[in-house]
Amino acid sequence: MGIFPDEVILQILARLPVKPLFKNKTVCKLWYRLVSDKYFIKLYNEVSAKNPMVLIETSGSPESRSSLVCVDNLRGVSEISLDFLKDRVKVRASCNGLLCCSSIPDKGVYYVCNPMTRDFKLLPRCRERPVTRFYPDGEATLVGLACDVSKNKFNVVLAGYHRTFGHRPDGTFICLIFDSDSNKWKKFVSHRDDHFTHMNKNQVVFVNGALHWLTGSCSYILALDLDYDVWRKISLPDEVSYGTGNRVYLLDSDGCLSLIQISDAWMNIWVMKDYEKEVWYMVDRVSLRCIRGLVPGIFPIAQTGECIFLATHKQILVYHQKSRVWKEMYSVKNSASLPLWFSAYAFRSTIFPSD
């Protein structure tokens with residue numbers, strides 16, 4: 001039949017969700033080999049990068065294990081279980097199809113998993129002595145996951161203010177970095193005075209080999225360069241103002257840093273198209289008139305150049321930029337205690353080779 005039909009089949013398979021794709025491994029030897037074939041993995045991940053999703057962490061009773069609701073622009077809503085971890089966990093970060101989760105009953109235990117393929121890695125415990133701990137509650141202020149699909153590697157970052165037992169915190173900022181290639185943690189120490197809200201901490205963005213967090217004051221972006229283990233500050237667009245009804249959020253848009261500013265009537269979208277020179281461009285200005293009643297409690301979660309997912313207290317909305325149409329993708333039927341945006345993460349379907 002020649003090469004063309006095979007390429008057509010590959011293009012079709014690259015658009016399947018991961019779960020049925022792995023079920024299809026039993027169909028024939030060719031399909032079985034596909035999910036470990038470098039060309040197909042690259043093709044699949046390139047296609048899926050254009051289809052962002054939102055994962056919402058839901059939990060029932062404190063004893064029950066977390067489950068995830070996946071809101072997919074193309075395929076609708078599905079449920080994903082993390083029961084394969086055999087632990088009660090909390091999602092701490094999401095990056096390029098992988099999740100970093102921390103154990104609830106066993107502090108200091110972290111997992112990195114692919115919830116679609118159910119592959120996971122239990123990270124080795126870092127060797128920080130218990131007499132030194134993160135301030136104020138022993139938990140890291142910042143948890144970041146950097147997944148580089150092209151290099152088949154990931155880093156986990158735990159960073160926070162340090163307190164020696166019996167002493168006040170002194171501004172010492174400890175950063176622990178796990179490297180999947182070496183299977184080891186490394187540590188470096190600096191002095192910082194940055195503060196972060198819950199939403200700032202959740203919306204960590206990995207682009208250009210660095211993890212990025214928007215500070216609580218929304219006055220700058222704090223970036224951790226993973227190649228050189230250094231923190232740096234990145235300026236916001238001059239036109240962006242925080243306060244007096246304006247809210248600012250940091251997202252990834254097709255591999256670029258994106259900043260979304262929401263006011264009572266408008267949503268302004270900025271993208272950093274020149275990372276080295278820190279040059280921002282406003283790419284869209286969206287009227288919020290037709291969702292006016294929801295604006296005070298709306299939070300952008302994920303985006304591409306074509307659409308933006310936003311969470312409210314009980315809904316996930318998607319805004320299509322070309323057609324300028326709003327659509328409700330998901331809504332909570334029961335009376336959830338926490339708003340959806342409190343535990344919503346950007347996500348995409350990924351094949352991440354386990355070897």
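Defined by atom type and a distance below 3.5 Å, a donor-acceptor pair is present between the side-chain atoms of Gln315 and Glu328. In summary, the side chains of Arg348 and Asn51 do not present any donor paired with an acceptor at a separation below 3.5 Å, with no hydrogens or angles considered. Between Asn183 and Lys121, the side chains place a donor N or O and an acceptor N or O closer than 3.5 Å (distance only, hydrogens not considered).
The salt bridge (charged side-chain N to carboxylate O under 4.0 Å, His left out) analysis of residues 281-300, with sequence neighbours excluded, yields the pairs Asp284-Arg324. Evaluation of the salt bridge (charged side-chain N to carboxylate O under 4.0 Å, His left out) test over residues 203-230, restricted to residues two or more places apart or in two chains, returns Lys186-Asp229.
Ring geometry for Phe120 versus Tyr111: interplanar angle over 60°, hence perpendicular rather than tilted (30 to 60°). Classified by interplanar angle (parallel below 30°, tilted 30° to 60°, perpendicular above 60°), the ring pair Phe299/Tyr249 is perpendicular.
Taking every heavy atom of both residues into account, Thr350 and Thr117 meet most closely at O-CG2, 4.4 Å.
Remark: Phe342 engages His198 in a ring pair (Phe, Tyr, Trp, His ring centres under 6.0 Å) (not counting sequence neighbours). Looking at residues two or more places apart in sequence or on another chain, you find a ring pair (Phe, Tyr, Trp, His ring centres under 6.0 Å) between Tyr275 and His212. Under the side-chain hydrogen bond (donor to acceptor under 3.5 Å, both in side chains) criterion, Asp274 pairs with no residue at all, not counting sequence neighbours. Tyr345 is linked by a ring pair (Phe, Tyr, Trp, His ring centres under 6.0 Å) to nothing, counting only residues two or more places apart in sequence or in another chain.
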Test log, rule side chain to side chain donor-acceptor pair (under 3.5 Å), inputs Thr304 and Asp254: CA-CA 5 Å; Thr304 65; Asp254 298 327; 4.8 Å; no
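Classification of Glu278 and Arg232 as a salt-bridged pair holds, one side-chain N sitting under 4.0 Å from a carboxylate O. Ion pairing of Asp179 with Lys184 is absent here, as no side-chain N (NZ or NE/NH1/NH2) approaches a carboxylate O to less than 4.0 Å.
The environment of CD in Glu276 is sparse: at most 12 heavy-atom neighbours from other residues, nucleotides or ligands sit within 6.0 Å.
Panel note: side chain Asp106, backbone Val109; no donor-acceptor pair is recorded below 3.5 Å.
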